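Since the model is a prediction, treat every value here as computed from it, not as a measurement. Just so you know, residue 1 is the first one in the sequence shown, and it goes up from there.
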Amino acid sequence: MRNIGISAHIDSGKTTLSERILFYCQKIHAIHEVKGKDGAGATMDSMDLERERGITIQSAATNVQWKDYTINLIDTPGHVDFTIEVERSLRVLDGAILVLCSVAGVQSQSITVDRQLKRYHVPRLAFINKCDRTGANPFKVKAQLQEKLGLNPAFITIPIGLEDKLEGVVDLVKMQAVYFDGPSGEDLRYADIPAHLVADAERYREELVESAAMFSDELAEAYLDGEFSNEMLMAAIRKGCIAEQLVPVFVGSAYKNKGVQILLDGVASYLPDPTEVRNVALDLDDSEKEVELIASPAEKTVALGFKLEDGQYGQLTYVRIYQGQLKKGDELYNTRARKRFKVGRLVRMHANAMEDIGEGSCGDIVALFGIECASGDTFCNPDLNYAMSSMFIPEPVISLAIEPKDKKSSDQMGKALNRFTKEDPTFQTYVDPESNQTIIKGMGELHLEVYVERMRREYKCEVEVGMPQVAYREAITQRADFNYTHKKQTGGSGQYGRVAGYIEPITEQIYEFVDQVKGGAIPVEYIPSCDKGFKAAMQKGSLIGFPIVNVRCLVNDGASHPVDSSDIAFQLAAIGAFRDAYEKAKPAILEPIMKVSVEGPSEFQGNIYASLNQRRGIITASTEDGSFCRVEAEVPLAEMFGYSTVIRSLTQGKAEFTMEFEKYGKVPNSLAEQLRKDYLEKRRKEQQK
């Protein structure tokens, strides 16, 4: 068994490659194209929105059979707005195919995806796609894998011809030419390597053997003696690949049906099976001690629910089984919710279609119906109390106000938001207590646009959308002392608490509480109350009403009253102390700074520079690669709204950009004044109401 994902930059051909894999594994009987031009659309892009836009929005799972191997395949989105889909897929995968375009090479999102693969220690193969396109150069792309991603790539196949002359590939392990005959390239024909390619093939095979020999003493000795077998070479490549020290590189064109079957052989030969991957859980009964999971059906079950979907039959939970097996009727324990449940319906997914199964084996990816859980929950045998580590969830950076147009839409909007927030941890929603507006937050304009469109289509819910709002923050710029007494006397016992200390700026974390109270000046039981009070005060700053970040609150003195002191009294004392000190600590407004990467033809490089400079952008890197250029910059999010339209018009639709959150930076004084004015005006109007 192999659990693999397909990851890449937008438009590198991930979904087209998935479609070919399904076809050659006889899961589908006709090939459909992305964007649904033939009226059907790619199998893995099952949402109408995905087919119309020609992008993948949700990761889709399927299960195929290739020769003697079962492959669980997940096609992930390339767009940075849907990064959570990539994160949660990589969390449960054992291997990946990194798809690269042979013209554009390593692009900005390829770098992001590579970083995610490294974070989860996922071994990968590289597939250099689109070798049939004008300007294709897989040899240049291989060099970029080394230079830009710091990988150790080695060709397993090289192309026979390029651009419109692409005929097939040379297999450097078997040292044979492979041609893909038949209407859809399904008939493989092996032949001698064309004479003009023999020298190149020998040179690249030599490189491959030298790279692989680093991981096998047996191969190294046999190579020096001039006698080694293909099996020995493949075993060494596999070892290097699983250790993440070697990246086997395959070439071809998914669209032209060339090279895909050889890539599938590579998945079986070089990527790990579930028993070769180290997975650990934390034992909640033993101080969260790490426990290594054993990929054996005989062990007690441990599984991770990594993705939720609300379908027509109720909640569908995608589950990766790490240890033991899952059977219909089994009793499992959800360690976060501390609840037992019975496995009812068990299915195997094929994009949006499903097939009922009786059991799921160790290492498998299956789906459960009708169980109440959250994304990232661990399900165990009731005798165990383990938790798997959760995935990395980035913070949302952009928000929109939405309002239903009528009563019917209002009911439907609640249902839609409940479902979307459950499915996607990077999509958040809340009601603003001041304006009473419903606010949705996400990773970018496209992310929120897709959810608004899904509300219309799937829930028949018409909403009006307000202006995008930036997730500003407030922070202090200097230390300020506080010594605050909260005193309130009414009939009966009153409230009394005094806290003294200081607040100061920090960079490494959002909030830190330090207790340096000596001699019981504040009784021990009220120290957590002070902590709670400071946290409450940081929810909303006084400059523009946004959360306060990067503050250390240190308490070193105080006083209490034997009768009037209480938890609430010290919470209110801490809130008052913080607000007092905050004004003296010279607060400033921070804005999210995005890491923006624009790629396009070199002739438009000047236009790209100008467009970023006009948006308060700071250029951090610029590279030219033949006729293509890439410009990287740090740009405030507030300046990036509508940028896609601008960059398209400036480059005749030939450039594209990606952006992801980089850090928070200080807002310029003129903008800070304007934001402050707007906030005060808004408050004035609300008070008048």
Could you walk me through whether L22 and V64 satisfy the side chain to side chain contact (heavy atoms under 4.5 Å, CB included) test, starting with their C-alpha distance in whole Å, then the side-chain angles of each, then the deciding distance to 0.1 Å, before giving a yes or no? CA-CA 7 Å; L22 295 178; V64 295; 3.6 Å; yes

side-chain hydrogen bond (donor to acceptor under 3.5 Å, both in side chains), that's the test. Do S602 and E624 meet it? Break it down for me. CA-CA 7 Å; S602 296; E624 255 184 281; 3.2 Å; yes

Given the rule in the side chain to side chain contact (heavy atoms under 4.5 Å, CB included) test, do I21 and V267 qualify, once you have shown the distances and angles that lead to the verdict? CA-CA 11 Å; I21 289 174; V267 167; over 6 Å; no

Assess whether side-chain hydrogen bond (donor to acceptor under 3.5 Å, both in side chains) is satisfied between Y223 and E206, documenting all intermediate values. CA-CA 10 Å; Y223 172 54; E206 189 93 350; 3.0 Å; yes

Derivation and outcome, side chain to side chain contact (heavy atoms under 4.5 Å, CB included), residues L208 and I156: CA-CA 7 Å; L208 173 65; I156 303 289; 3.7 Å; yes

E167/K256 under salt bridge (charged side-chain N to carboxylate O under 4.0 Å, His left out): CA gap, chis, key distance, verdict: CA-CA 10 Å; E167 293 174 43; K256 289 286 166 70; over 6 Å; no

Can you list the steps and then say if D181 with R189 is a side chain to side chain contact (heavy atoms under 4.5 Å, CB included)? CA-CA 7 Å; D181 301 336; R189 172 167 57 88; 2.7 Å; yes

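In this structure, R320 is positioned above the aromatic face of Y322, its NZ or CZ under 6.0 Å from the six-membered ring centre and within 45° of the axis.
With hydrogens and angles disregarded, a donor-acceptor distance shorter than 3.5 Å links the side chain of S102 to the backbone of N129. Side-chain atoms of Q323 come within 3.5 Å of backbone atoms of I294 as a donor-acceptor pair (strictly under, hydrogens ignored). When atom types are taken as modelled, the side chain of R205 and the backbone of L172 share a donor-acceptor pair closer than 3.5 angstrom. Although no hydrogens or angles enter the test, the distance criterion places no donor-acceptor pair under 3.5 Å between the side chain of Q146 and the main chain of L151. Q26 places no side-chain N or O within donor-acceptor distance of the main-chain N or O of W66, the cut-off being under 3.5 Å. No donor-acceptor pair closer than 3.5 Å links the side chain of S184 to the backbone N or O of E186. Between the side chain of T301 and the backbone N or O of Q325 there is at least one donor-acceptor pair closer than 3.5 Å.
Few gaps surround NZ on K148; more than 12 heavy atoms of other groups in view lie less than 6.0 Å from it. Dense packing is recorded around CD of Q176, with more than 12 heavy atoms of other residues, nucleotides or ligands lying under 6.0 Å away. Around the CG atom of D356, the shell of radius 6.0 Å holds more than 12 heavy atoms that belong to other residues, nucleotides or ligands. Remark: D192 CG is loosely packed, at most 12 non-hydrogen atoms of other residues, nucleotides or ligands lying under 6.0 Å away. Taking a 6.0 Å sphere around CE of M214, one finds it holds 12 or fewer heavy atoms contributed by other residues, nucleotides or ligands. Atom CD of Q65 has more than 12 neighbouring heavy atoms from other residues, nucleotides or ligands inside a 6.0 Å radius. Taking a 6.0 Å sphere around CD of E292, one finds it holds more than 12 heavy atoms contributed by other residues, nucleotides or ligands.
The ring pair (Phe, Tyr, Trp, His ring centres under 6.0 Å) contacts involving residues 160-201 comprise nothing, where partners must be two or more places apart or lie in separate chains. Sequence neighbours left out, the pairs with a member in residues 145-169 that pass ring pair (Phe, Tyr, Trp, His ring centres under 6.0 Å) are F139-F155, F155-Y204.
Between K27 and T62 the shortest heavy-atom distance is CE-OG1, 4.2 Å. L264 and C25 make their closest contact through CD1-SG, 4.0 Å (heavy atoms, listed as atom of the first residue, atom of the second, distance). Looking at every heavy atom in both residues, V251 comes nearest to P138 through CG1-CB, 3.9 Å. Annotation for L166 and G161: closest pair CD1-O, 3.3 Å, computed over non-hydrogen atoms. Across all non-hydrogen atoms, the minimal contact from L219 to A236 is CD2-CB, 3.6 Å. Nearest heavy-atom pair, A126 versus L145, reported as atom, atom and distance to 0.1 Å: CB-CD1, 4.0 Å.
Looking at residues two or more places apart in sequence or on another chain, you find a salt bridge (charged side-chain N to carboxylate O under 4.0 Å, His left out) between D364 and R348. Every residue two or more places apart in sequence or in another chain was checked for a salt bridge (charged side-chain N to carboxylate O under 4.0 Å, His left out) with E210, and none qualifies. Residues satisfying the side-chain hydrogen bond (donor to acceptor under 3.5 Å, both in side chains) test with R2, not counting sequence neighbours, are none. E290 is linked by a salt bridge (charged side-chain N to carboxylate O under 4.0 Å, His left out) to R278, counting only residues two or more places apart in sequence or in another chain.
Taking 4.0 Å as the cut-off between side-chain N and carboxylate O, D265 and K67 count as a salt-bridged pair. With salt bridges taken as basic N to acidic carboxylate O contacts below 4.0 Å, none links D164 and R133. Checked for salt-bridge contact, R238 and E276 meet the test: a charged N lies under 4.0 Å from a carboxylate O.
Annotation: side chain of V122 is not in contact with side chain of E244 (no heavy-atom distance under 4.5 Å). The shortest side-chain heavy-atom distance between L271 and C241 falls under the 4.5 Å cut-off. Looking at L125 and V247, their side chains never come closer than 4.5 Å, going by heavy atoms from C-beta outward. Proximity of V366 to L326: side-chain heavy atoms (C-beta onward) are separated by under 4.5 Å at one or more points. Side chains of I321 and S361 form no contact here, defined as non-hydrogen atoms less than 4.5 Å apart. Counting only heavy atoms from C-beta outward, the side chains of V291 and V280 never approach each other to under 4.5 Å. Using a 4.5 Å heavy-atom cutoff, the side chains of Y69 and M1 are not in contact. Taking the side chain as every heavy atom from C-beta outward, V170 and L197 approach each other to under 4.5 Å.
In this structure, the separation between CD1 on I619 and CD1 on I608 is 9.5 Å, given to the nearest 0.5 Å. Between the NZ atom in K130 and the CG atom in L17 there is a gap of 11.5 Å [rounded to 0.5 Å]. If you take CD on E221 and CD on E227, they are separated by 14.5 Å, rounding to the nearest 0.5 Å. Remark: L246 CG to N152 CG distance equals 5.0 Å, nearest 0.5 Å. Between the CD1 atom of I71 and the CD1 atom of I365 there is a distance of 12.0 Å, given to the nearest 0.5 Å. Put simply, CD on E355 and CG on N63 are 7.5 Å apart, with the number rounded to the nearest 0.5 Å.
Remark: of the listed residues R630, E632, Q605, Q605 is the sole one forming a side-chain hydrogen bond (donor to acceptor under 3.5 Å, both in side chains) with S622.
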